[in-house]
Amino acid sequence: EEGMFDTFATLYLNAKQNDKAITLIEKGLAKFPNNAKLKDYQGTAYYASGNNDKFAGVIKEQLAKDPKNADNWYNLGVIQSKNPATAADAETAFKKAIEIKPDYSNAYMNLVYTIIGDEDAAVKKINETNRTNKTEGMKLIEERRARFNRALPFAEQWYKALPENIDAVSTLKDIYTITKNTEKAAAMKAKLTELEAKQAK
């Protein structure tokens with residue numbers, strides 16, 4: 001009977017019938033609470049149905065049992081980074097993933113983007129504020145630069161893990177530019193040109 005729950009959960013998930021899958025998985029886990037496969041399926045079903053809070057709950061349960069699982073820390077970070085209120089928690093989760101798996105390029109990438117935050121909104125706010133209040137505008141510019149400075153070491157690690165990745169190179173170039181690291185920004189610009197030329201071939 002335990003195997004039947006697995007089989008039907010897989011069928012429902014493949015057919016994108018997430019609500020049916022969730023109901024079935026919850027029934028299965030009520031009977032077989034230690035079934036690791038069903039626990040995994042539960043996380044997948046919650047994620048697929050957009051139920052991020054419940055998905056985060058499942059991951060946290062799994063991390064309580066196995067705190068050395070880099071992928072679970074990463075997944076938790078991804079969910080938490082979608083909500084500005086839990087962005088600081090997301091940073092912690094990505095850092096945990098990196099601690100366990102030092103070459104985890106996706107964790108570096110997401111950590112960098114989480115620290116920088118909504119760049120379009122930040123720039124728009126700076127431009128609007130500058131029109132009416134230069135002092136307040138300068139303060140926002142400094143705060144933005146501080147965020148980029150904080151993201152810098154992680155962007156360098158991301159580039160180190162994936163030196164041929166256009167996103168890693170272009171993000172690092174932008175960070176060097178904003179943090180006024182002219183020489184390094186120029187080196188990244190050259191690297192970006194070289195990678196784009198390779199891609200165009």
Side-chain angles (χ1 to χ4, degrees), residues 9 13 18 21-22 25-26 28-29 32-122 142-176 178-179 181 184 188:
L13 284 171
N18 298 314
I22 288 169
I25 291 162
E26 283 172 352
L29 283 170
F32 309 105
N34 296 321
N35 185 315
K37 221 179 201 176
L38 280 179
K39 263 285 171 218
D40 276 346
Y41 288 152
Q42 186 183 36
T44 307
Y46 284 147
Y47 183 69
S49 63
N51 202 328
N52 284 347
D53 290 344
K54 283 193 171 176
F55 182 36
V58 172
I59 294 176
K60 282 176 183 169
E61 266 179 50
Q62 290 176 333
L63 281 170
K65 288 180 191 143
D66 177 14
K68 286 269 178 259
N69 186 315
D71 292 332
N72 277 340
W73 281 115
Y74 170 75
N75 287 331
L76 184 61
V78 170
I79 298 163
Q80 291 171 332
S81 69
K82 291 186 191 312
N83 178 354
T86 51
D89 297 328
E91 275 187 46
T92 307
F94 289 134
K95 283 175 185 167
K96 285 267 194 203
I98 289 161
E99 213 175 280
I100 298 161
K101 199 170 155 187
D103 60 347
Y104 206 147
S105 55
N106 275 349
Y108 287 117
M109 174 181 76
N110 279 278
L111 179 54
V112 168
Y113 291 152
T114 303
I115 293 171
I116 290 171
D118 188 339
E119 180 58 355
D120 291 340
E142 284 310 317
E143 282 171 7
R144 176 175 177 245
R145 190 171 299 137
R147 283 196 297 275
F148 277 82
N149 264 318
R150 213 154 59 76
L152 178 57
F154 304 111
E156 288 177 330
Q157 291 293 114
W158 175 22
Y159 169 65
K160 201 169 136 189
L162 290 178
E164 299 295 302
N165 181 291
I166 282 189
D167 289 331
V169 174
S170 133
T171 304
L172 191 51
K173 173 185 75 76
D174 291 345
I175 294 177
Y176 282 144
I178 288 161
T179 55
N181 205 325
K184 286 185 172 176
M188 282 300 126

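- Interatomic distance, NZ of Lys68 versus NZ of Lys101, reported as 14.5 Å (0.5 Å rounding).
- To the nearest 0.5 Å, atoms CD (Glu91) and CG (Leu111) are separated by 6.0 Å.
- Between Tyr113 and Thr171, the closest side-chain pair of non-hydrogen atoms falls below 4.5 Å.
- Considering all non-hydrogen atoms of both residues, Val169 and Pro163 come closest at CG2-O, 3.9 Å.
- Checked against Ile59 for a side-chain contact (heavy atoms from CB on, under 4.5 Å), the options Asn69, Asp71, Leu76 give a single hit: Leu76.
- Proximity of Leu152 to Leu172: side-chain heavy atoms (C-beta onward) are separated by under 4.5 Å at one or more points.
- Taking the six-membered ring where tryptophan is involved, the planes of Tyr74 and Phe94 are tilted, since the angle between them lies from 30° to 60°.
- Side-chain contact check for Ile116 versus Ile175: some heavy-atom pair is nearer than 4.5 Å.
- When every heavy atom of Ala87 is checked against every heavy atom of Thr114, the shortest pair comes out as O-CG2, 3.7 Å.
- For Asp66 (side chain) and Gln62 (main-chain N/O), no donor-acceptor pair under 3.5 Å exists by modelled atom type.
- Open room surrounds NZ on Lys96; 12 or fewer heavy atoms of other groups in view lie less than 6.0 Å from it.
- With rounding to the nearest 0.5 Å, the separation of CG in Asp53 from CD in Gln80 is 10.5 Å.
- The distance from atom CH2 of Trp158 to atom CG of Asn110, rounded to the nearest 0.5 Å, is 8.5 Å.
- Here CD1 of Ile115 is found 11.0 Å from CG of Asn149. Values are rounded to the nearest 0.5 Å.
- Using a distance-only test at 3.5 Å, with no hydrogens or angles considered, a donor-acceptor pair links the side chain of Trp73 to the main chain of Pro67.
- Side chain of Tyr108 to backbone of Pro102: a donor-acceptor contact under 3.5 angstrom is found.
- Closest non-hydrogen pair, Val78 versus Ser81, comes out as O-OG, 2.8 Å.
- Between Ala161 and Ser105, the closest heavy-atom pair is CB-CB, 4.0 Å.
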side-chain hydrogen bond (donor to acceptor under 3.5 Å, both in side chains) assessment of Tyr176 paired with Glu156: CA-CA 10 Å; Tyr176 282 144; Glu156 288 177 330; 2.6 Å; yes
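- Put simply, the side chain of Asn106 reaches to within 4.5 Å of the side chain of Met109, judged on heavy atoms.
- Rounding to the nearest 0.5 angstrom, the gap separating the CG atom in Asp174 from the OG1 atom in Thr179 is 10.5 Å.
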